[in-house]
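Here's the structure we're looking at; comments come further down.
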Amino acid sequence: MSIDARKIRLIMQLRRSGVTDTAVLAVIERLPREAFVPPSFLDQAYEDMALPIGSGQTISQPLVVAMMTQALELHNRLKVLEIGTGSGYQAAVLSRLTRRVYTIERHRPLLRDAEARFHQLGLHNITTRAGDGTKGWPEQAPFDRILVTAAADGTVPKDLTDQLAIGGVMVVPLGTDRRDQRVYRIRRTETGLHREELWPVRFVPLLPEPVPVPVARARTS
């Protein structure tokens, strides 16, 4: 089956599963997911499944990417913060739908690979940082939208909610047990935060602090 045929099959699956935002579907159809998966998984790039990308992380299932993107209620004037760059696929989807994306990753090798993909695809409205995603990006706050692609332990870090603009929307998985996680949409209004449960999901945990870079040691004879 050709790549185009696989893309069409995937889009039809997403439609049947509840993805109704035509802008989101169009981006997923046009963005080359094969550029974000390891070479050994190229034949599965347009299957509706998560795939390993190294460092114990995965590129999310296309349905999850589409549903979380749809839940953000995006348009092209928004500034978005993403926590968990991973392969860069979700950030690339966001970049096609918004004005500016800021994305943070704690695994530096993953971030370097993602940056190379952004450059190769000409995605110039994405700004990256290696660091602790639980602290957000205070220098660039407030954000109109925040997307967290790892599961917080039941409560959203206050640093993130503080960086959400009034009228802003955050989409975040919550739950310590991977068998009992839920995606929530949080809206910030003048009166506070309003939380809405959306659907069950499985994500890696949201962890603080960047992963240390190994220090090469001189060998002694």
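If you're wondering where the values come from, they're calculated on a predicted model, not measured in any experiment.
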inquiry  = Could you tell me if the side chain of V37 sits less than 4.5 Å from the side chain of Q44, heavy atoms only?
reply    = no
query = Is a salt bridge present between E34 and R6, judged by a nitrogen-to-oxygen distance below 4.0 Å?
reply = no
query = Would you say V80 and V93 are hydrophobically clustered, going by side-chain heavy atoms of ILVMFWY under 4.5 Å?
reply = yes
remark   = Rounding to 0.5 Å, atoms CG (L81) and CG (D144) come to a distance of 11.0 Å
task = Show your working on side-chain contact (heavy atoms from CB on, under 4.5 Å) between I3 and K7 and close with a plain yes or no.
result = CA-CA 6 Å; I3 286 181; K7 285 185 177 182; 3.9 Å; yes
ask   = Does E105 reach the main-chain N or O of G86 with its side chain, forming a donor-acceptor pair under 3.5 Å?
value = yes
Considering only distance and modelled atom types, tabulate donor-acceptor pairs under 3.5 Å from the side chains of residues 149-169, sequence neighbours left out.
{"unit_1": "T149", "atom_1": "OG1", "unit_2": "I83", "atom_2": "O", "d": "2.8"}
{"unit_1": "T149", "atom_1": "OG1", "unit_2": "G84", "atom_2": "O", "d": "2.9"}
{"unit_1": "K158", "atom_1": "NZ", "unit_2": "D162", "atom_2": "OD1", "d": "3.2"}
{"unit_1": "K158", "atom_1": "NZ", "unit_2": "D162", "atom_2": "OD2", "d": "2.8"}
{"unit_1": "T161", "atom_1": "OG1", "unit_2": "K158", "atom_2": "O", "d": "3.1"}
{"unit_1": "Q163", "atom_1": "OE1", "unit_2": "W137", "atom_2": "N", "d": "2.7"}
{"unit_1": "Q163", "atom_1": "NE2", "unit_2": "K135", "atom_2": "O", "d": "2.9"}
{"unit_1": "Q163", "atom_1": "NE2", "unit_2": "D159", "atom_2": "O", "d": "3.1"}

ask   = What do you reckon, is NE2 of H119 surrounded by more than 12 foreign heavy atoms closer than 6.0 Å?
value = no
ask   = So, are E82 and R145 salt-bridged, with charged N and O less than 4.0 Å apart?
value = no
task = Please report the closest heavy-atom contact between V65 and S60, naming both atoms and the distance.
result = CG2-CB, 3.8 Å
ILVMFWY network linking L123 to Y102, side-chain heavy atoms under 4.5 angstrom = no
note = dist R96:CZ -> I28:CD1 (nearest 0.5 Å) comes out at 12.0 Å
query = Going by heavy atoms in the side chains, are E47 and R9 under 4.5 Å from each other?
reply = yes
request  = Give the intermediate values and the outcome of side-chain hydrogen bond (donor to acceptor under 3.5 Å, both in side chains) for residues Q57 and S87.
outcome  = CA-CA 9 Å; Q57 307 299 300; S87 70; over 6 Å; no
Carboxylate-amine/guanidinium proximity below 4.0 Å for E196 and R185 = yes
message = Would a single hydrophobic cluster contain both M67 and L198, if residues Ile, Leu, Val, Met, Phe, Trp and Tyr are joined by side-chain heavy-atom contacts under 4.5 Å?
response = yes
ask   = Which residues pass the side chain to side chain donor-acceptor pair (under 3.5 Å) test with T189, sequence neighbours left out?
value = T191, H194
inquiry  = Run the side-chain contact (heavy atoms from CB on, under 4.5 Å) test on L72 and L94 for me, step by step, so that the C-alpha distance in whole Å, both residues' side-chain angles and the decisive distance to 0.1 Å come before the verdict.
reply    = CA-CA 10 Å; L72 284 170; L94 296 174; 3.8 Å; yes
key: Distance in Å, L78 CG paired with L97 CG, rounded so as to fall on 0.5 Å steps   = 10.0 Å
Within one Ile-Leu-Val-Met-Phe-Trp-Tyr cluster: L63 and M49, side-chain cutoff 4.5 Å = yes
Give every donor-acceptor pair under 3.5 Å between a side-chain atom in residues 14-27 and any protein atom, sequence neighbours left out.
{"unit_1": "S17", "atom_1": "OG", "unit_2": "Q13", "atom_2": "O", "d": "3.0"}
{"unit_1": "D21", "atom_1": "OD1", "unit_2": "A23", "atom_2": "N", "d": "2.9"}
{"unit_1": "D21", "atom_1": "OD1", "unit_2": "V24", "atom_2": "N", "d": "3.2"}

remark   = Result for side chain to side chain contact (heavy atoms under 4.5 Å, CB included) between P173 and one of W199, Y184, F203 points to F203
Row check, Y89 ring normal vs R33 NZ/CZ: under 6.0 Å, within 45° = yes
ask   = Taking it one step at a time, do T128 and F118 satisfy side-chain contact (heavy atoms from CB on, under 4.5 Å)?
value = CA-CA 10 Å; T128 62; F118 300 153; 3.9 Å; yes
query = Do L147 and L193 sit in the same hydrophobic cluster, where Ile, Leu, Val, Met, Phe, Trp and Tyr count as joined when their side-chain heavy atoms come under 4.5 Å apart?
reply = no
Separation of L110 CG from I53 CD1 (nearest 0.5 Å) = 5.0 Å
inquiry  = To check you understand the geometry: which heavy-atom pair defines the closest contact between R182 and P200, and what is its length?
reply    = NH1-CB, 3.6 Å
request  = Supply the atom-to-atom distance R129 CZ to R106 CZ, rounded to the nearest 0.5 angstrom.
outcome  = 16.0 Å
remark   = Separation between CZ (R202) and CG (D180), nearest 0.5 Å, reads 10.0 Å
